[in-house]
Amino acid sequence: MEIKAIRGFNDILPDEIGKWQFVEKTAREIFEGFGFSEIRIPILERTELFSRGIGEATDIVEKEMYTFTDRGGNSLTLRPEATASMARAYLEHQMYSFDPVAKLYSMGPMFRYERPQKGRYRQFYQIDAEVFGVGNPMVDAEVIIMLIHFLGRVGLENLELQINTLGCRECRPRYREELKRFFEGKSGQLCEDCQRRLHSNPLRIFDCKVETCKEAIQDAPRVTDFICPDCQKHFDQVKDYLAMSGLAYILNPRLVRGLDYYTRTAFEVVSYSLGAQNAVTGGGRYDNLFQEIGGLDVPGIGFAVGVERLISLLSKEKEFVQHPQLFVAALGEEGYKEAYRVVNLLHLQGIRAELDYERKSLKSQMRRADKLKAHYALILGEEELKKGKVVLRNMENKSQEEIPIDGIVNVLKEKIVSD
Ligand code: ATP
Ligand code: MG
């Protein structure tokens with residue numbers, strides 16, 4: 001039987017990879033310009049890092065983690081997100097000892113056991129950026145500005161930035177109680193999961209995708225009516241900084257994040273072109289995470305972009321597939337030898353050149369050049385070679401010219417690069 005990939009795990013094929021490389025390259029350029037450095041973290045961590053960091057009463061920890069016991073009897077988990085690992089690394093390597101402020105980004109696969117569907121996979125990629133060590137609202141706005149700038153640079157349109165505040169340890173418990181009371185009165189309307197959430201973590205009911213639950217939240221009390229003066233001040237300043245930068249946003253008092261560790265600022269960017277799974281990216285502040293994982297009291301803020309969802313939004317017009325810059329067609333023994341020599345020299349010059357390996361007819365070689373969408377074709381015919389000439393054909397406008405074989409690599413390089 002033919003072996004297939006696991007459900008929810010995708011191959012990213014060469015004809016799509018151009019988009020991935022473009023997105024990753026753009027992220028690197030922009031984030032580094034904003035003073036961020038890359039960090040690479042392991043794909044496996046001790047299960048506790050996530051159960052403590054993300055919180056026991058979250059969807060991820062309750063039912064989405066890929067957890068197993070290794071041969072040494074340790075409980076390990078494939079990372080469902082990157083923030084907890086980045087925080088662990090910051091503490092473990094005492095990155096704060098040189099400078100408490102760390103601006104980090106990372107990209108790679110995450111694993112969650114969810115029901116696979118369009119825009120939702122079991123292995124999916126995220127691009128993460130985090131700032132550790134700054135509680136000032138300036139940085140909340142800065143991170144959001146960087147995110148919006150990045151999404152704009154990759155060419156996304158129809159986006160909406162939504163922001164909210166989630167309060168802190170001081171004020172959220174009171175809001176939680178209020179929510180509990182409110183939803184208890186509506187418990188008949190809630191799905192099974194939300195019945196449970198009602199006791200463990202009522203804020204998460206806002207995140208539920210079941211219709212009756214969505215109705216139940218309509219008149220729920222708003223967090224903004226319960227936050228303490230410090231959280232209010234922080235939120236007002238975030239809004240001021242965003243406004244100063246000319247960024248449009250929408251206040252969404254129903255916006256919560258699925259992870260427990262979030263405090264104060266929460267944000268999401270949604271796309272009206274995405275359908276049901278409409279969040280391209282989400283993030284927020286998490287001033288309790290570091291203490292949850294047993295570390296110092298370090299504030300943090302960051303976001304994670306879902307790369308598959310982002311890529312599904314890229315412009316259909318833009319060309320991402322790389323075609324050969326030159327196809328070298330040859331005839332006869334001497335022609336093939338010369339073709340081989342020229343192609344190798346071009347490769348060393350970084351020119352994407354392709355040739356025929358099968359000794360096909362000229363017609364079929366040209367068909368392949370067409371199919372591969374080569375920009376130019378170089379034709380090494382026996383007769384022409386004898387005269388020290390070759391034919392260069394522009395595959396787009398079909399014009400062709402004879403050029404001398406002597407010094408051909410430089411001539412081609414100039415033509416192709418200047419094109
Ligand atoms: P959702 O509400 O869609 O489940 P989330 O709140 O679980 O998202 P985060 O944990 O904040 O998402 O992850 C950030 C981003 O990662 C999301 O906005 C989304 O683009 C992407 N993402 C999350 N889960 C998946 C998945 N299973 N498959 C593909 N992308 C995902
Ligand atoms: Mg989720």
Participant: Before you tell me yes or no, could you show the steps for Phe124 and Val307 under side chain to side chain contact (heavy atoms under 4.5 Å, CB included), namely the whole-Å CA-CA distance, both residues' side-chain angles and the distance that decides it to 0.1 Å?
Facilitator: CA-CA 7 Å; Phe124 62 96; Val307 184; over 6 Å; no
Participant: Looking only at non-hydrogen atoms, find the nearest pair between Leu203 and Val256 and report the distance.
Facilitator: O-CG2, 3.5 Å
Participant: Say whether, by atom type as modelled, one donor and one acceptor occur between the side chain of Arg112 and the main chain of Lys63 under 3.5 angstrom.
Facilitator: no
Participant: Dump the intermediate steps for side chain to side chain contact (heavy atoms under 4.5 Å, CB included) on Phe183 and Ile217, then the final yes or no.
Facilitator: CA-CA 8 Å; Phe183 283 121; Ile217 67 177; 3.6 Å; yes
Participant: Determine, for Arg28 against Glu32, whether the closest basic-nitrogen to carboxylate-oxygen distance falls under 4.0 angstrom.
Facilitator: no
Participant: Aromatic contact between Phe267 and Tyr249, with the criterion being ring centroids under 6.0 Å apart: yes or no?
Facilitator: no
Participant: Specify the closest pair of heavy atoms between Ala82 and Met110, including all atoms of both residues, with the distance to one decimal.
Facilitator: CB-CE, 3.7 Å
Participant: Which residue in the set Thr47, Thr69, Thr67 passes side-chain hydrogen bond (donor to acceptor under 3.5 Å, both in side chains) when paired with Ser75?
Facilitator: Thr47
Participant: Search all heavy atoms of Leu190 against all heavy atoms of Cys194 and return the closest pair with its distance.
Facilitator: CB-CB, 3.9 Å
Participant: Whether Glu358 and Arg368 form a salt bridge (side-chain N of Lys/Arg under 4.0 Å from carboxylate O of Asp/Glu) is what I want to check.
Facilitator: no
Participant: Only distances under 3.5 Å count here; give the side-chain donor-acceptor pairs of residues 136-160 to other protein atoms, sequence neighbours excluded, each with its distance to 0.1 Å.
Facilitator:
unit_1 : atom_1 : unit_2 : atom_2 : d
Asn136 : OD1    : Met138 : N      : 2.7
Asp140 : OD1    : Arg285 : NE     : 3.2
Asp140 : OD1    : Arg285 : NH2    : 2.6
Asp140 : OD2    : His234 : NE2    : 2.9
Asp140 : OD2    : Thr265 : OG1    : 2.6
Asp140 : OD2    : Arg285 : NE     : 3.0
Glu160 : OE1    : Tyr272 : OH     : 3.2
Glu160 : OE2    : Gln162 : NE2    : 2.9
Glu160 : OE2    : Tyr272 : OH     : 3.1

Participant: Please verify the inter-ring angle class for Tyr175 with Phe206; under 30° counts as parallel, over 60° as perpendicular, anything in between as tilted.
Facilitator: parallel
Participant: Can you list everything that forms a ring pair (Phe, Tyr, Trp, His ring centres under 6.0 Å) with Phe36? Sequence neighbours excluded, please.
Facilitator: none
Participant: Please report the shortest heavy-atom distance between Val61 and Glu56, naming the atom on each side.
Facilitator: CG1-OE1, 3.8 Å
Participant: Taking 4.0 angstrom as the limit, do Asp370 and Arg367 come out as a salt bridge?
Facilitator: no
Participant: Nearest 0.5 Å please: distance from the NE2 atom of His375 over to the CD1 atom of Ile351.
Facilitator: 11.5 Å
Participant: With under 30° as parallel and over 60° as perpendicular, where do the rings of Phe9 and Phe111 fit, or are they tilted in between?
Facilitator: tilted
